[in-house]
Amino acid sequence: MLLVTIVRRWHPFALMGVFALAGCGDETAAPAPGASAGSFQFRDEAAARGVLAINHCGAVLEKRYALEEIGQGCALFDKDSDGDLDLYLVDGCGLVPPVKPGSDWTIDNSGRCTLYENDGTGRFVDVTDRAGDAGLRCFGAGVTVADYDGDGDLDLFVTCFGSDRLLQNDGAGSFRDVTAKAGVGDDLWSTGAAFFDADGDGDLDLYVCNYFAMTIARDPDCWNKVDCPYFELKAACGPKGMVAEPDRYWVNQGDGTFRDGTEAAGFAAVEARYALGIVALDVEGDGDQDLFVANDSRANYLFVNDGTGHFIEEADLAGVALSASGLQQAGMGVAVGDYDGDLDLDLLTTNFSHDDNTLYQNDGHGSFLDVTARHAWGTETWLALGWGTAFADFDSDGDLELFVANGHVYPGADQRAPELTYRQLCRAYEQDAGRFRDVTAAAFPGTPPRKSFRGAAFGDVDGDGDVDVAVMAQNEAPSLFINSTPTRADRAAIAFDLLQQGGNFHAIGARLVVEAGGKSQVRCVQACGSFQSSNELTLRFGIAGATRVAKATVTWPDGVTETALDLPVGGRWRWRRGSAPSAWSRG
């Protein structure tokens with residue numbers, strides 16, 4: 001049964017007379033219990049499944065430039081619309097020292113982005129050579145995935161140190177570089193990016209984060225003078241003291257081209273900061289898309305959409321600019337999800353070592369409270385340096401768990417062992433009575449890999465209905481963590497692919513609420529998040545103690561709602577706008 005209604009948008013932000021102050025009246029930090037038993041497990045099967053490409057990101061043992069430290073991201077997406085997830089790995093390059101004193105270092109283009117095709121079983125084949133321009137040779141940073149031209153297949157936007165690249169999908173999984181034709185590239189150092197419908201016109205616009213103005217020739221002097229020590233270690237300078245580059249906002253004109261809308265949309269009204277992580281979400285529940293940007297060593301941004309595609313920066317007012325202690329943090333990655341089950345979207349930022357990852361709880365009206373101290377992150381999180389991250393229901397219990405990829409930026413950090421290391425563990429957290437606890441030891445049994453991890457992408461790689469994780473690693477092959485959680489008779493999962501006609505074919509920005517077993521859960525379609533990476537667009541829900549979904553309600557990006565009743569759990573559904581959900585099948 002399909003029920004269709006129209007909802008009226010409202011703006012609770014404009015009605016608020018008070019807002020939550022981050023950390024006011026919050027509890028003191030819970031004692032760190034160490035690793036606890038968890039109910040989900042991962043195995044690193046990258047090599048066994050054919051994912052072998054080695055990452056290139058400057059030098060291995062001594063990283064003199066911030067460019068070598070930030071690393072790369074990846075994407076899990078269905079390039080050929082066959083129903084399984086393919087994998088795209090962004091790569092960097094090596095740096096060549098100057099031949100003559102005073103001359104510039106150069107990029108050697110030794111790296112190459114890699115496209116892997118899923119064979120339908122969760123094993124991968126390198127198809128880069130026959131995928132057109134997918135095998136970019138540039139100093140790449142991140143990737144975001146969306147159907148920018150509305151033709152039904154997924155395209156790639158790769159951020160770089162230097163010109164970004166827009167790769168158009170031909171429908172068969174081969175890509176063509178259309179950056180110049182689309183008018184969407186610049187020569188800054190770009191990091192995270194997000195496709196989203198900012199102005200409500202039905203096609204996808206693009207926000208690109210930029211870091212700082214780096215000249216390679218200048219950095220050796222910085223290194224040699226030891227101007228930027230880190231715990232008595234030599235360290236590359238940045239970002240503090242460097243000139244931040246302004247972010248860019250590109251307006252989709254509906255004909256395959258973009259125009260620069262940064263100033264007109266209000267983004268140029270803020271000072272430039274060192275932007276890394278980004279996510280588009282509806283923070284107030286008013287039906288339009290806002291933007292949260294995690295900035296490194298500066299206050300975060302929260303750009304609130306007025307409903308017309310014009311934005312006002314409200315991070316301080318909303319309580320997400322700083323930590324509960326009023327400190328600027330080194331924001332890297334961003335996770336978004338309804339971790340507390342109240343049907344609004346909460347935020348988590350991963351941060352530098354000797355700091356906690358920060359959890360912001362949404363009060364339902366676009367204001368947030370820093371509740372980090374309520375959760376038992378553990379001393380390991382304090383020493384870890386976090387990057388790619390996501391909330392996901394890894395064990396299908398109906399609650400969101402948390403995954404964080406970690407790795408330090410300074411290979412010399414190993415000199416401070418045992419308290420600080422360059423290669424670190426990915427960490428997993430499970431909810432217990434509404435609070436997160438560290439279950440890393442149980443989630444990664446045996447000897448889990450230690451690498452200097454960076455970007456992470458989340459999705460069902462092997463088609464068994466649960467969420468797996470691909471994670472980039474500095475100057476090493478990536479890890480592919482396959483979810484090997486034992487099945488339970490009282491738990492199942494249901495998945496939805498939301499599709500509509502027009503420029504936003506995959507319904508980015510749509511909101512889906514599922515009611516089952518007396519519990520309601522919400523997911524949103526997002527083409528961004530984690531760190532410089534892109535997750536699958538399929539929405540997945542764990543269902544505990546029920547065999548059927550009583551009600552599923554989708555709110556499409558333009559505010560129209562549709563409802564489906566009485567769906568069996570345990571499968572995957574394709575929900576085309578205007579039609580009832582149908583069981584997914586190939587073809």
Kindly indicate, with the supporting measurements, whether the criterion side chain to side chain contact (heavy atoms under 4.5 Å, CB included) is fulfilled by D155 and D153. CA-CA 7 Å; D155 311 297; D153 50 48; 3.7 Å; yes
Can you confirm whether the side chains of S530 and N535 place a donor and an acceptor under 3.5 Å from each other?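 No, N535 and S530 have no side-chain donor paired with an acceptor closer than 3.5 Å.
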Checking V293 against R273 for the side chain to side chain contact (heavy atoms under 4.5 Å, CB included) test, could you report, in this order, the C-alpha distance in whole Å, the side-chain angles of both residues, the deciding distance, and whether it holds? CA-CA 10 Å; V293 178; R273 298 174 186 171; over 6 Å; no
Can you name the nearest heavy-atom pair linking [X] to [Y], along with the distance?
{"X": "A182", "Y": "L166", "answer": "CB-CD2, 3.6 Å"}
{"X": "Y339", "Y": "G434", "answer": "CE1-O, 4.0 Å"}
{"X": "G398", "Y": "K519", "answer": "O-NZ, 2.8 Å"}
{"X": "V334", "Y": "I278", "answer": "CG2-N, 4.0 Å"}
{"X": "V569", "Y": "A492", "answer": "CG2-CB, 3.8 Å"}
{"X": "Q329", "Y": "L322", "answer": "OE1-C, 4.5 Å"}

Side chain to side chain donor-acceptor pair (under 3.5 Å) for Y148 and N252? Distances and angles first, verdict last. CA-CA 8 Å; Y148 84 92; N252 193 327; over 6 Å; no
Measure from the side-chain N and O atoms of [X] to the backbone N and O of [Y], and report whether any donor-acceptor pair falls under 3.5 Å.
{"X": "D177", "Y": "L167", "value": "no"}
{"X": "D460", "Y": "G463", "value": "yes"}
{"X": "S325", "Y": "L327", "value": "no"}
{"X": "N169", "Y": "L154", "value": "yes"}
{"X": "S533", "Y": "A457", "value": "no"}
{"X": "N351", "Y": "D356", "value": "yes"}
{"X": "T191", "Y": "A275", "value": "yes"}
{"X": "Q521", "Y": "G542", "value": "yes"}
{"X": "D149", "Y": "G256", "value": "no"}
{"X": "D393", "Y": "F541", "value": "no"}

Salt bridge flag under 4.0 Å for residues [X] and [Y]:
{"X": "D497", "Y": "R574", "result": "no"}
{"X": "R176", "Y": "D170", "result": "no"}
{"X": "R374", "Y": "D340", "result": "no"}
{"X": "D338", "Y": "R511", "result": "no"}
{"X": "D260", "Y": "R248", "result": "yes"}

So, do P246 and T262 sit near enough that their side-chain heavy atoms are less than 4.5 Å apart?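 No. Closest side-chain heavy atoms not under 4.5 Å.
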pair F531-T350: side-chain heavy atoms closer than 4.5 Å: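 No, side chains not in contact.
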Evaluate S190 against D164 for side chain to side chain donor-acceptor pair (under 3.5 Å), listing each step before the verdict. CA-CA 7 Å; S190 301; D164 302 326; 3.0 Å; yes
Y429 and ring pair (Phe, Tyr, Trp, His ring centres under 6.0 Å): which single residue from F436, W377, F403 fits?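 Result: among F436, W377, F403, W377 is the only option passing the ring pair (Phe, Tyr, Trp, His ring centres under 6.0 Å) with Y429.
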Looking at F267, F303, F258, F195, which one forms a ring pair (Phe, Tyr, Trp, His ring centres under 6.0 Å) with Y249?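 The ring pair (Phe, Tyr, Trp, His ring centres under 6.0 Å) with Y249 is passed solely by F267 among F267, F303, F258, F195.
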